Amino acid sequence: MSEVTYKEAIRRAMEDALAEDDRVFMIGEDIAAAGGAFKATEGLWERFGGERVLDTPISEQAIVGASIGAALKGRRPVAELMFADFAGVCFDQIANQLAKYRYMTGGQVTLPVTIRLANGAGAGFASQHSQTVENWFLNCPGLKIVVPGSVADAYALFRAAVRDEDPVLFFEHKGMYNAKGSLTDDAPPVEIGRAAVIRSGEHVTVVATQLMRQRAERAAQALAAEGVEVELVDPRTVLPIDFETIGASVDRTAHLVVVQESPLAGSWGATVAARVVADRFESLDAPPLLISAPDTPVPYAGGLEEAWLPSEQRIADEIRGLLAG
Amino acid sequence: MSEVTYKEAIRRAMEDALAEDDRVFMIGEDIAAAGGAFKATEGLWERFGGERVLDTPISEQAIVGASIGAALKGRRPVAELMFADFAGVCFDQIANQLAKYRYMTGGQVTLPVTIRLANGAGAGFASQHSQTVENWFLNCPGLKIVVPGSVADAYALFRAAVRDEDPVLFFEHKGMYNAKGSLTDDAPPVEIGRAAVIRSGEHVTVVATQLMRQRAERAAQALAAEGVEVELVDPRTVLPIDFETIGASVDRTAHLVVVQESPLAGSWGATVAARVVADRFESLDAPPLLISAPDTPVPYAGGLEEAWLPSEQRIADEIRGLLAG
Amino acid sequence: MRLDTTSSSAVVEGDPTDDELLGMLRRMIEIRGFEDEIQRAFTKNLVRGSTHLCNGQEACAVGACSALRPGDSMVCTYRGHGAVLAMGASLERTFAEILGRETGLCRGKGGSMHLTDVEVGAYGSFAIVGAHLPIATGLALAARLDRTEAVSLCFFGDGSTNIGAVHEALNLAGIWRLPVVFFCENNLYGEYSPLPSTTPVEQLADRAAGYGMPGVRVDGNDVVAVRRVVAEAVARARAGEGPTFVEGLTYRHRGHSRTDPAKYRPAGELERWLEHDPIPRLEALLAERGVAAAAIAQARADAESAVAEGYAAALAASAPAVELIHEDVYA
Amino acid sequence: MRLDTTSSSAVVEGDPTDDELLGMLRRMIEIRGFEDEIQRAFTKNLVRGSTHLCNGQEACAVGACSALRPGDSMVCTYRGHGAVLAMGASLERTFAEILGRETGLCRGKGGSMHLTDVEVGAYGSFAIVGAHLPIATGLALAARLDRTEAVSLCFFGDGSTNIGAVHEALNLAGIWRLPVVFFCENNLYGEYSPLPSTTPVEQLADRAAGYGMPGVRVDGNDVVAVRRVVAEAVARARAGEGPTFVEGLTYRHRGHSRTDPAKYRPAGELERWLEHDPIPRLEALLAERGVAAAAIAQARADAESAVAEGYAAALAASAPAVELIHEDVYA
Ligand SMILES: Cc1ncc(C[n+]2csc(CCOP(=O)(O)OP(=O)(O)O)c2C)c(N)n1
Ligand SMILES: Cc1ncc(C[n+]2csc(CCOP(=O)(O)OP(=O)(O)O)c2C)c(N)n1
Ligand SMILES: [Mg+2]
Ligand SMILES: [Mg+2]
C-alpha cells in the first residue's frame, strides 16, 4: 500500500495496463516525450516507446477516429483529449460513431476504446476549460462514462475501463490531480457501472462525484459532529447509473441529496433524482434536494468561480435545511 | 386563418422573418435553389436572392462559426444544420463558442443566432439521423432551446427565435413536417421560455414535446372517454424550462407524467421530473411517471423503430397504471 | 497531382486477366441491378428513410476493391451499396438489411446507410459526411502497429472534402505515412451543389500535396484504370510508403437520394455521361480483347439471376424480433 | 506561395512614417513589458489557470494590426495579449482582466485566454484551438453583406492548422472570396511539438493553394515586413479580391504556458532567435533611418511607465461582485 496522488494513480494504472496487454496503446497530443499537458503520462513513452505512446497533431477528430479504427482490428486504444471541453470538437466521433457503431452493425464490432478527459472547475481556467463534460454524453447509450472520485477509484476504474469491451469515457477531475490517497497493491478490481457507498449513515443519502464527493465527505464529517449521519454514495459510473445501490440507500435513509458541480438541466444528478423518486417515491420522507451550480458558464475570477462551485458549507447548510424542513 | 403543414408554417415564418428585417439571412447546405434537404426553404432564394439565402460547402463548423461572426456585427443569421444529428460535427461551435461567448466577454456581445435542426425518429433514417438532439445541449447555459410541437408553435416560436437577442436552437421534428394544423394571421406572439397548456384536465399532468406531444394528445383523448382528464403541458422551450407552469399544473392534478422519445439519462424529461418533484413534493399523490425510449440508439427496421418509440397505446396504458396504482 | 492516362486497351503488368475482368463485369452488373431493385423497392415503400444509389459509379467500387486482398479493410459512405457488394457481401443479406430483415447484414438495425460486413472486410458505411476518414486512418494504424501489411481503403465523395474530419484524417495519415488509400469518388455534386460552387480548387487531387501524399486523378468510369491506380497505391501502402489520394472522376446516374429528380443538372450532362457508362465500356473492352460474346452474355445473365434470387430470398425473410432492440448496445 | 523578401531598410510606399514606427515600437515594448509583468504575477499566484505569453512575437501582432482601420475586426488565440493590446485595448483593463478584477475588459469573467474588447475591434481571444477561424469568416461575411469594406484579421498558430475548423473556415473564405486576412504565427511549435512532427508540409503558406487563395510567407520578427504584407492583403480584401493566408515566421521566447521550461527546444535555438528579437531590430531600423536615439529612448520609457501604471491601477481594482456570476448569460 502506498500514499499517492490521484494523478500518480492514473499514471500507474496506465503503466500497468500497457505492461499487461500488448494491444493497449496511448494516443494524444504531447503525451509522449512531453508527458502530457497535465504530466499524467510521464515516463510511459520512455518505457514503452513510440509505438505504444503516440503523439498526434492537434486533431481530436482524428485521435478518436483513429482509436475507433484501431479498436476494430483488436487494439485497445487509450486516447487522451486533454481538457474535457475539447470533446466538443470531436463530439460526432464520440456520440455518433463510437457510441453507435456496435448497434448499427448489429453487433459485428466491439470497441474497447478508453478516452481520458480532464474535467471540472476550480482552477481558474475559465469557461472553455472547466466544464463537467460528462453531462454532454449522458443521452448516448453505447458509451460508458466513469468519473473517479478518489485515488483508489482512479486506479481501479482505469484498469477496468481498458479491460472493458465497450467504449469508456474516463473523466479525471483536474482539481483532484494533486489530491492524495492510498493505493493498495491487491485492491479488488472495480466493476464499471457500480456505485460505492463511501460512508454509511442512516439519516440522508448524499450522491456526489469527484470534487463534489470530496466536499460532500467533508460536509458529512461536519454534520456527524452534530449527530447527522450521512450515507455518501459515489455512483462512479454515470452512464449507465447504478440506481439500485442509490435506491437501496434511500430506502434506508428516506432522504436523497444530489451534489454536482454543473447546472441542473440535463445533468446526471437530475437523472438520479428523477429515477430514484420514480422508483422509490414511498421511501422518501422529504423532497429530493438538488445541489447544483448556477445556470451559467464557469467564470474566471477566483471569487466568482469559488462562489459558483457548491461549497462544503453550502452542502452542509442545505442538508441541515432538508432535515430540519 | 389557414390550414397548413408544420413545414409550411416554418417556411412561412422564415419568409416573414426575412421580409421583416433586412439583418436576417439564412445559411446552410443546399437551402437556396434546391430549397433544402427537407424542402423547407423552398422559394426563399427566389424571393430574397443569394445575399439573404446562402448555400455553403459541407462545413457545419464554418456554418455556425460564420453565423456567430456575422451576429457579432449585428446580423441575425438563421443557420440550417439539416439533420439535427449533424450538430455533432459542430458541437464545439455551439456549446463552447455560441453558448459562452456573451458570458466570457462580460456581456460585450449579443448573439441573435437561430439554428434550425431536424430532429427525431420514426421515419427509418437509422441511428445517425434520428436522434432528439436537444438533450446534448441542455447543460449549456447561454443557449435557448425550443422544440415546437404544433403548426402554430412552429410559426410563432420561429418568429420569436429570430427576434430573440440570444442564440436559439430551433428543433423541427421531421416526423411532423407533413402534420397539419391551423395558422392564424393575428396569433399573439409566443414567448421563448414559456410552456403551454394544450389541454386542461384535473387528474394528471402530462408533459410532452413534438411527436410525443401529438401521441400524448391522442392518448389523452382515449383516456377522456374513460373519464380520465389529462392536463397536457408542452414546455415548448427545454432550456430554460418553465418549471412554474408545469409545477402549477401538478399542484392541481397531483400527478406528473413525462413522455419523451429519447432515453432517460441526461434528458429534459429527467430534468423536469427532478425539479418539479424537488419543488412540489407535497403536491404529488404518486411517483412521477417517466415514459422514455429504451436505452439504445435508434434502430432502422420498421418494426423495431416503432417499438422503440413510446406509442399512444403505451402512454395511455402507463397513465392508467399510474392512476390505478 | 498526376493524371493517369494509360489506356485500358493495352494490357499492363498486374492487370486483371480476362477471367477476372469477366468477374468484375458480373459484379458491376450485380451492383447496377441491386440499385435498380432498391429503387423499385423504395417506391413501393419497402425501404425506409432514404437511400443513395451508386448507379454509374460501379467501376470505382469494383475497380478499387479488386486491388485488395483478404485482411485489408474498406469503409465507405451511405452511397456504399456498391462498395460493400464489391468486397463480396452477399446480395441476399445486403438486400435483407435494406429491407429491414433479421437476416440482414446488420440484423436490420443499420439499413441502407450503414451496411457493414466485417467478414468480407467491409467495416462500415457512414452517414455523417467525412466521419469515416479518421476511422479508415485507425484501421491503417492498427495494420502498422501489428505489422500485418494490411491496407485500408476509404471511399468518400467530392463534397465531403470540405469537412473538418477529412482534413484531420488526411493530415494524420500523411504525417504518419499510414497504409491508407483515400478514394474520392468525384461525381461532380455534393447533394444538389456542383463542386465549383463549394470548392475553390479544380482538381481535388491537388489538395493531396498539402498532406504530403501523392494525388492521382483517374477516369472513374474505366474499371481497369481504377484498378491500376489503386493497385499501385495499395502497393505503396503495403511497402510502408504511405497514403495516396486517388480522385476518380465519375457520375451518378440518379439523383442524390430517394426521389431527387436532379433538376439541377445542366441539360445533356446525364446523356453525355451515359455514353461513358462503365458497364458497356467494360463489355466493349472485353470484346476488344477477344472475349467471346457468349461469355459476356453469361456474366450478365449470372448477375441478373443472382440479383433476382437475392432479392426474392431477402423479401421472404422475416422482420427482426422486437427483443433485438435491446441487444448490441454493449458487448 | 510567395516569400516576401523586400528589405525593411528601403522605404516602400505605404510604409509607416518614422513617427508611426516609434508608436509601433512603443506598443511592442508595452506588450513585452505586459507579458513580463503577467509572468511575475503568475508566479505570485495572482493569475489563475494558465497563461500563454507572446514574448518574441510582438512584431506579428503590432505589424499586422497596424494595417487595420477603425471598423475592421480582429480575433486571436489564448496567446493573444499582444494582439488585443496592439488593437488598442487599455493596458490597465487588460491587466485587470487577467488579474480577475471587475474593471477588466470582460469584468473578470474571461481571464487570460478570453480577452475581448469590442470597442477597439478585438472581438475575442479563443481557447479552443482553431475555433475562431470560422468566426473570423463570419465577421468578414457581415462586412461583405453590409458592404462596409471592413476587413477581418485572424491570428492563429502553426499547430492549429491541422484541426478541422481551420480547414472549413479557409475553404469557406476561399470559395466566397471573403475579406479576411488569415495570419498564421508560425512559432515552430504547437505546445511541445515541433511543426515537422505534426505537419507534412514544410511551408504552411503552401496550403493556401488548396483553398484558392494566395499564401505569403514573411519574416514575422520584422515589423515593417509584416505590416507591408498584411497591408497588401488588407487592400486585396477591401477591394473584394478575397482572403490571403499569411505565414509569419516567428518564435516564442518563453515556454508554451505557465511554467513550461521548454526543454524540448534544441540547444542554441532560443539564443539564435533572440538575435532576431523584433524589438532591438526595430530600434536598429529606426536608428538606421536616422531617428534620434532620444526619441527611441523616450518611446521605451513611455512604454515602461504605461505598463507600470496600468499594472498598479489594475492591482488596486476590486474583485467582481459575486452577483456578477448570474449576469451576461442571456441578453
Ligand atoms: C456532417 C454532414 N453534413 C451533411 C450531411 C447531409 N449530406 C448527406 S450526403 C451529402 C452530400 C455529400 O456529397 P459527396 O461527398 O460528394 O458524396 P456523394 O453523395 O456525391 O456520393 C450531404 C450534404 C451529412 N450526412 N453529414
Ligand atoms: C481543440 C483543442 N485541442 C487542444 C488544445 C490544447 N492546446 C492549447 S494551445 C495548443 C498548441 C497550439 O499550437 P499553435 O497553434 O502553434 O499556437 P501557439 O500556442 O504556438 O501560439 C494546444 C494543443 C486546445 N486548446 N484546443
Ligand atoms: Mg459527390
Ligand atoms: Mg505554434
Side-chain angles (χ1 to χ4, degrees), chain A residues 22-25 27 50-52 54-77 79 89-90 92-93 95-113 140-144 164-168 192-193 239-240, chain C residues 71 73 75 97 102 104-111 113-119 123-128 130-146 148 150 152 163-176 178 180 320 324-325 327-331:
Chain A
D22 281 347
R23 297 171 302 172
V24 177
F25 71 93
I27 180 170
E51 292 216 334
R52 305 290 302 284
L54 285 80
D55 267 351
T56 69
I58 308 176
S59 306
E60 282 81 4
Q61 297 190 70
I63 292 171
V64 178
S67 300
I68 295 174
L72 291 171
K73 290 285 190 181
R75 286 269 164 179
R76 307 185 84 84
V89 299
C90 52
D92 173 72
Q93 288 290 326
N96 284 331
Q97 316 304 330
L98 183 59
K100 304 186 172 69
Y101 208 149
R102 182 175 173 80
Y103 196 78
M104 297 189 304
T105 63
Q108 291 181 67
V109 301
T110 42
L111 292 158
V113 175
C140 300
L143 298 177
K144 295 178 178 174
D164 202 283
E165 294 302 329
D166 294 312
V168 178
I192 287 181
L239 189 73
Chain C
S73 54
V75 291
E97 184 59 32
E102 189 159 342
L105 293 175
C106 309
R107 311 171 92 194
K109 289 175 161 181
M113 296 203 282
H114 300 296
L115 301 176
T116 301
D117 187 355
V118 167
E119 268 185 31
Y123 276 87
S125 312
F126 294 80
I128 305 282
H132 57 304
L133 276 84
I135 297 172
T137 303
L139 287 159
L141 172 62
R144 151 80 52 81
L145 297 177
D146 295 338
T148 60
S152 163
I163 201 162
V166 169
H167 176 69
E168 296 190 10
L170 291 171
N171 185 68
L172 191 70
I175 190 75
W176 284 355
L178 292 174
V180 200
L324 279 194
I325 287 176
E327 294 180 17
D328 306 322
V329 182
Y330 296 108

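Since the structure is predicted, the reported quantities are computational estimates derived from the model, not experimental observations. Just the heavy atoms: all of them, side chains too, but no hydrogens, waters or symmetry mates, feed the values below. Residue numbering restarts at 1 for every chain, and letters A, B, ... go by the order of the sequence lines.
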Undergrad: Does the side chain of C:Ile175 reach to within under 4.5 Å of the side chain of A:Pro57, using non-hydrogen atoms?
TA: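 Yes, close enough: below the 4.5 Å cut-off.
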Undergrad: Chain A: which of C:Leu133, C:Asn171, C:Leu141, C:Leu115 shares the most heavy-atom pairs with it under 4.5 Å?
TA: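 Top option by heavy-atom pairs under 4.5 Å: C:Leu141.
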Undergrad: Can C:Asp146 and A:Lys73 be said to form a salt bridge (Lys or Arg N to Asp or Glu O under 4.0 Å), step by step?
TA: CA-CA 9 Å; C:Asp146 295 338; A:Lys73 290 285 190 181; over 6 Å; no
Undergrad: Taking side chain as everything from C-beta outward and backbone as N, CA, C, O, which of these in A:Leu111 sits under 4.5 Å from a heavy atom of chain C? Side chain, backbone, both or neither.
TA: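 It is neither, since no heavy atom gets under 4.5 Å.
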Undergrad: Who wins among C:Pro320, C:Gly104, C:Gly110, C:Ala165 for the most heavy-atom pairs under 4.5 Å with chain A?
TA: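 Heavy-atom pairs under 4.5 Å are most numerous for C:Ala165.
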Undergrad: Picking from C:Pro134, C:Ala131, C:Gly111, which has the most non-hydrogen pairs under 4.5 angstrom with chain A?
TA: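 So the answer, after comparing C:Pro134, C:Ala131, C:Gly111, is C:Pro134.
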Undergrad: Any chance you could measure C:His114, atom NE2, to C:Ser125, atom OG, to the nearest 0.5 Å?
TA: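 If I round to the nearest 0.5 Å, the distance is 8.5 Å.
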Undergrad: Side chain, backbone, both or neither: which part of A:Arg102 has an atom under 4.5 Å from a heavy atom of chain C?
TA: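 It is both, since atoms from each part get that close.
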Undergrad: For the interface with chain A, which of C:Ala127, C:Gly108, C:Gly124, C:Ala142 has the highest count of heavy-atom pairs at distances below 4.5 Å?
TA: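 Of C:Ala127, C:Gly108, C:Gly124, C:Ala142, C:Ala142 has the most heavy-atom pairs under 4.5 Å with chain A.
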Undergrad: So do C:Cys106 and A:Met104 actually touch side chain to side chain, heavy atoms under 4.5 Å?
TA: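 A side-chain contact under 4.5 Å is absent here.
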Undergrad: Between A:Gln93 and chain C, with a heavy-atom cut-off of 4.5 Å, which part of the residue counts as in contact: side chain, backbone, both or neither?
TA: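 Side chain only.
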Undergrad: Check whether any side-chain heavy atom of A:Pro240 sits under 4.5 Å from a side-chain heavy atom of A:Lys144, and report yes or no.
TA: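 SC-SC contact between A:Pro240 and A:Lys144 confirmed.
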Undergrad: Using a 4.5 Å cut-off on heavy atoms from C-beta on, say whether the side chain of C:Val118 contacts that of A:Thr105.
TA: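 No, side chains not in contact.
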Undergrad: In terms of heavy-atom pairs under 4.5 Å, which option from A:Leu54, A:Asp164, A:Asn96, A:Ile58 contacts chain C the most?
TA: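 The residue among A:Leu54, A:Asp164, A:Asn96, A:Ile58 with the greatest pair count is A:Leu54.
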Undergrad: Which one, A:Lys100, A:Arg52, A:Gln97, leads in non-hydrogen pairs under 4.5 Å with chain C?
TA: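 Highest number of heavy-atom pairs under 4.5 Å: A:Gln97.
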Undergrad: Decide yes or no for A:Val113 and A:Ser67: does some side-chain heavy atom of the first lie under 4.5 Å from some side-chain heavy atom of the second?
TA: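 Answer yes - side chains close enough.
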Undergrad: Sort A:Val109 into side chain, backbone, both or neither according to what part of it lies under 4.5 angstrom from a heavy atom of chain C.
TA: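 A:Val109 touches chain C through side-chain heavy atoms alone.
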Undergrad: Please identify each residue that fulfils side chain to side chain contact (heavy atoms under 4.5 Å, CB included) with C:Ser152, with sequence neighbours left out.
TA: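 So C:Ser152 forms a side chain to side chain contact (heavy atoms under 4.5 Å, CB included) with C:Ser73, C:Ala136, C:Leu139, C:Ala140, C:Val180.
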Undergrad: With only heavy atoms counted, which part of C:Leu145 is less than 4.5 Å from chain A, the side chain, the backbone, both or neither?
TA: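 For C:Leu145, backbone and side chain are both near chain A.
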Undergrad: Taking everything shown except A:Glu165 itself, do over 12 heavy atoms lie less than 6.0 Å from its CD?
TA: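 Correct, the count exceeds 12.
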Undergrad: Sequence neighbours left out, what passes side chain to side chain contact (heavy atoms under 4.5 Å, CB included) with A:Arg23? Give chain and number order.
TA: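 Here the qualifying residues are A:Asp21, A:Arg76.
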Undergrad: If we define contacts as heavy-atom pairs under 4.5 Å, which of C:Tyr330, C:Phe126, C:Trp176 has the most with chain A?
TA: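 Ranked by heavy-atom pairs under 4.5 Å with chain A, first place is C:Tyr330.
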Undergrad: Top residue by heavy-atom pair count (under 4.5 Å) with chain C, among A:Thr110, A:Thr56, A:Asp22?
TA: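 Option with the top pair count is A:Thr56.
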Undergrad: Which one, C:Leu178, C:Thr137, C:Ile325, C:Thr148, leads in non-hydrogen pairs under 4.5 Å with chain A?
TA: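 When all of C:Leu178, C:Thr137, C:Ile325, C:Thr148 are compared, C:Ile325 has the most.
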Undergrad: Which bit of C:Glu327 is near chain A, if near means a heavy-atom gap under 4.5 Å: side chain, backbone, both or neither?
TA: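 Only the backbone of C:Glu327 comes within 4.5 Å of chain A.
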